[in-house]
Novice: 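Before anything else, here's the structure in question.
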Amino acid sequence: MKANCWYGAGDVRVEQVPDPKILNRRDVILKVTSTAICGSDLHLYNGLMPTMKAGDILGHEFMGEVVEVGSEVNNLQVGDRVVTAFPIACGRCLFCRQELFSLCENSNPNAWMAEKMLGHSPSGIFGYSHMLGGFAGGQAEYARVPFADVGTIKIPEGIPDEQVLFLSDIFPTGYMAAENCQIRGGDTIAVWGCGPVGQFAIRSAFLLGAERVFAIDRFSERLRMAEEGGAETIQYEEEGVYDRLMDMTGGRGPDACIDAVGMEAHGPGMLAAYDRMKQAVGLESGRPYALREAIMCCRNGGTVSIIGVYGGFIDKFPIGSVMNRSLTIKTGQAHVQRYMRPLLERIQRGEIDPSTIITHRMRLNEAPEAFAKFNRKEDRCVKIVLKP
Amino acid sequence: MERQDAGRSSTLDEPTVADRHASHPVRSARAGAPSRRDSARGATDHTHEFLARTLGWFSIGLGLAELLAPGRVARMAGLKDDHRLLLGASGLREITMGLGILSERRPAGWMWSRVGGDALDLALLAGALSGSQGNRKRTVAAMLAVAGVAAVDCFASRRLSRMAGWTTDDGAVRVNTSIVIDSSPESLYQFWRDFANLSRFTEHVEAVTIYDRQHSHWVVKGPAGYRVEWNAEITEDEPNRKIGWRTTSYAEIEHQGSVEFTPAPGGRGTMVHVEMDYHVPAGVLGASIATLFGNEPGQQIQSDLRRLKQIIEVGEVLRSDGSLTGKGRLPQRSAQPAEATA
Ligand SMILES: NC(=O)c1ccc[n+]([C@@H]2O[C@H](COP(=O)([O-])OP(=O)(O)OC[C@H]3O[C@@H](n4cnc5c(N)ncnc54)[C@H](O)[C@@H]3O)[C@@H](O)[C@H]2O)c1
């Protein structure tokens with residue numbers, strides 16, 4: 001089959017590789033019908049994630065048709081159309097039973113690597129380094145899905161791929177970011193980053209009862225998309241984010257702040273240049289520019305919801321602001337399995353149309369070009385869907 | 001080989017001689033004479049790994065000092081106070097690299113990043129020298145001190161590893177590790193008491209033949225198809241609570257071990273606690289055994305326990321493309337499907 005393989009920073013290639021096989025009894029094999037490139041893939045593409053190996057197949061947002069079923073999968077049949085959750089989860093361990101699926105204790109065969117970096121291991125993730133399992137990803141013609149009875153959701157006839165594909169990651173991710181804000185009616189929420197995750201965080205914040213949402217980015221097309229989602233926008237290169245937010249909230253600050261940027265934040269000024277330089281020479285593994293700002297802007301006693309991905313260590317973390325002002329930090333890789341059913345229902349009820357964020361539709365063959373485009377945010381690119 | 005690694009600090013590489021001789025510092029020192037299988041190259045790589053790991057610890061130590069007491073380190077190095085910020089930053093880098101070196105099977109890549117870092121530090125010190133700021137003498141002294149500290153640190157990190165309980169007084173390697181499994185002490189005891197089950201979840205035990213209720217014969221596979229065998233006897237057997245065993249007669253790896261099962265608080269399953277002491281023979285086997293028990297024996301047994309947990313909680317060991325057997329400590333394949341094997 002054809003698959004998009006990682007070969008190093010800035011180097012992905014579509015290659016011919018062997019077809020996947022059933023390796024465990026709760027596996028299914030999917031014929032992939034749609035797959036997408038995630039902002040998280042860019043951290044791999046930019047070489048910021050340790051324990052990648054040449055030839056690794058990328059991709060953790062995918063859906064398709066079941067073509068083979070393992071002997072212990074009782075809820076799926078050949079021919080079913082399913083979306084796959086990006087964290088791999090057994091559904092039976094202590095954490096899965098608490099619906100903390102991205103912390104599954106039984107889905108990372110390389111847990112020892114993650115333990116060294118992180119202290120404890122999270123779940124395995126498709127196509128996301130050996131430290132997180134060494135699982136082949138879904139930017140391919142076929143994909144193996146372990147624990148498929150827990151990690152997939154069947155899609156009823158008549159709903160097109162583009163409406164449901166993002167149940168695999170970014171819709172649940174954005175939704176969890178908003179849910180973590182513990183929104184009460186009338187709350188104001190600020191969202192750093194208007195990429196796909198930020199877009200879903202904005203829309204989810206409204207679904208969960210926020211009164212006003214402020215969205216921060218520098219790309220006009222992304223800010224426009226945020227406005228279409230109901231947000232008031234701040235162009236961070238043109239205006240001071242802190243001052244604007246204080247203006248908009250009577251000097252109190254937003255009730256909750258969402259970091260939907262992660263470890264590759266850009267920023268104006270010295271501090272951002274400093275982070276960029278340090279990251280380049282390995283002095284810190286993330287550029288937490290947006291995170292610092294989110295913390296400083298949040299109102300006293302408010303919540304900072306970190307959904308952007310961080311890998312290792314960051315510098316100049318304003319813990320004094322967090323501590324003295326009684327802030328709550330909530331974060332995590334999305335527990336996707338928890339959200340797939342309720343969010344599918346919201347889609348079916350017409351409360352949200354996830355396909356509106358798609359700006360580019362390309363062939364799997366064009367993955368290298370697509371990665372370059374998304375990485376540079378060229379051509380007003382917000383979200384790319386690949387068709388095998 | 002080393003050169004290749006320099007450009008690939010964040011990748012995992014194919015197994016090589018160096019991999020097979022990767023060893024824990026304590027044991028590599030004891031492993032002594034190279035085995036018959038050792039090429040001269042293999043022995044050198046072996047030493048390099050030892051050095052690398054020592055430097056990993058050195059990085060963490062230096063990094064902590066730079067982070068926690070930048071003023072002092074700056075003064076000690078004859079730098080002006082405005083270098084504090086930079087020192088704090090290099091402290092962080094040191095720690096990150098230390099962790100990197102320690103966590104890679106082949107630390108060469110991270111070692112190169114250390115070299116890069118050292119260059120930066122030297123540039124910093126050299127800048128202080130030429131810029132006539134700070135104190136020249138002190139800066140030179142600092143450069144010399146780095147070498148001295150490294151030597152002390154080699155020693156200290158070995159001491160540290162002793163204190164962490166990796167070797168006991170009589171020279172045995174001690175391993176202590178535990179996991180919580182969602183099952184009762186009774187059923188876990190029964191599963192373990194049938195030693196034949198060990199081969200299902202441990203990385204190296206290939207087969208256990210049960211002679212009688214007390215005695216069994218173990219076949220353990222080592223590197224490059226090498227096999228080690230021994231007889232074991234049960235030394236302690238408290239139903240549903242504890243099993244102890246030790247090797248009898250001549251055993252190539254003399255060891256004793258025990259496993260205890262205690263209910264976890266709040267009815268959340270059972271804590272399984274394994275303790276093992278083993279003596280590593282010098283010479284031929286030393287190097288092989290170093291691999292048998294992994295770079296860090298505790299970690300390997302932890303991985304074994306994790307697979308036991310998978311078997312009990314989900315019925316089988318989970319496999320991935322990178323870790324096809326599910327025994328993830330083995331060298332990783334690329335994360336793509338393997339060729340069909342007939
Ligand atoms: N936690 C999870 O489960 C999860 C899942 C998916 C993605 N993510 C992470 O979410 C983050 C965003 O993903 P995405 O797909 O939207 O990526 P993306 O790269 O498309 O979006 C990031 C956006 O942040 C903006 N940005 C950069 N610096 C900023 C700053 N200082 N202030 C405000 N905005 C800034 C960029 O302009 C860009 O629009 C990534 O870190 C990704 O890894 C997390």
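Chain identifiers are assigned alphabetically (A, B, ...) following the order of the sequence lines, protein sequences preceding nucleic acid strands; residue numbering begins at 1 within each chain.
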Novice: Mind telling me whether B:Trp192 and B:Phe261 have parallel, tilted or perpendicular rings, with 30° and 60° as the class edges?
Specialist: perpendicular
Novice: For B:Leu324, is it the side chain, the backbone, both or neither that has a heavy atom under 4.5 Å from a heavy atom of chain A?
Specialist: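 The side chain, not the backbone.
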Novice: Of the backbone (N, CA, C, O) and the side chain (C-beta and beyond), which part of A:Ser129 lies under 4.5 Å from a heavy atom of chain B, both, or neither?
Specialist: neither
Novice: Between the side chain of A:His335 and the main-chain N/O of A:Phe101, is any donor-acceptor distance below 3.5 Å?
Specialist: yes
Novice: List the steps, then state whether ring-ring contact (aromatic ring centres under 6.0 Å, His included) holds for A:Tyr45 with A:Phe371.
Specialist: CA-CA 8 Å; A:Tyr45 186 70; A:Phe371 265 79; 5.3 Å; yes
Novice: For A:Glu115, is there an ion pair with B:Arg306 - N to carboxylate O distance below 4.0 angstrom?
Specialist: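 Result for this pair is yes, salt bridge flagged.
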Novice: Can you tell which part of A:Pro146 gets under 4.5 Å to a heavy atom of chain B, answering side chain, backbone, both or neither?
Specialist: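 Only the side chain of A:Pro146 comes within 4.5 Å of chain B.
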Novice: Can you tell me if B:Glu313 and A:Asn106 form a side-chain donor-acceptor pair at under 3.5 Å?
Specialist: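 Yes - a donor-acceptor pair under 3.5 Å links their side chains.
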Novice: Pick from A:Glu72, A:Arg26, A:Arg144, A:Arg25: which one has the most heavy-atom pairs with chain B under 4.5 Å?
Specialist: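 Of the candidates given, the most pairs with chain B belong to A:Arg25.
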Novice: What part of B:Arg319 is in contact with chain A, defined as an atom under 4.5 angstrom from a non-hydrogen atom: side chain, backbone, both or neither?
Specialist: both
Novice: Do you know which of B:Pro337, B:Ala335, B:Gly315 has the most heavy-atom pairs with chain A at a distance under 4.5 angstrom?
Specialist: B:Ala335
Novice: Could you tell me whether A:Glu105 and B:Lys309 make a salt bridge, using a distance below 4.0 angstrom between a side-chain N and a carboxylate O?
Specialist: yes
Novice: Side chain, backbone, both or neither: which part of A:Tyr142 has a non-hydrogen atom closer than 4.5 Å to chain B?
Specialist: neither
Novice: So which of A:Asp19, A:Asp27, A:Asp56 has the largest heavy-atom pair count under 4.5 angstrom toward chain B?
Specialist: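 So the answer, after comparing A:Asp19, A:Asp27, A:Asp56, is A:Asp56.
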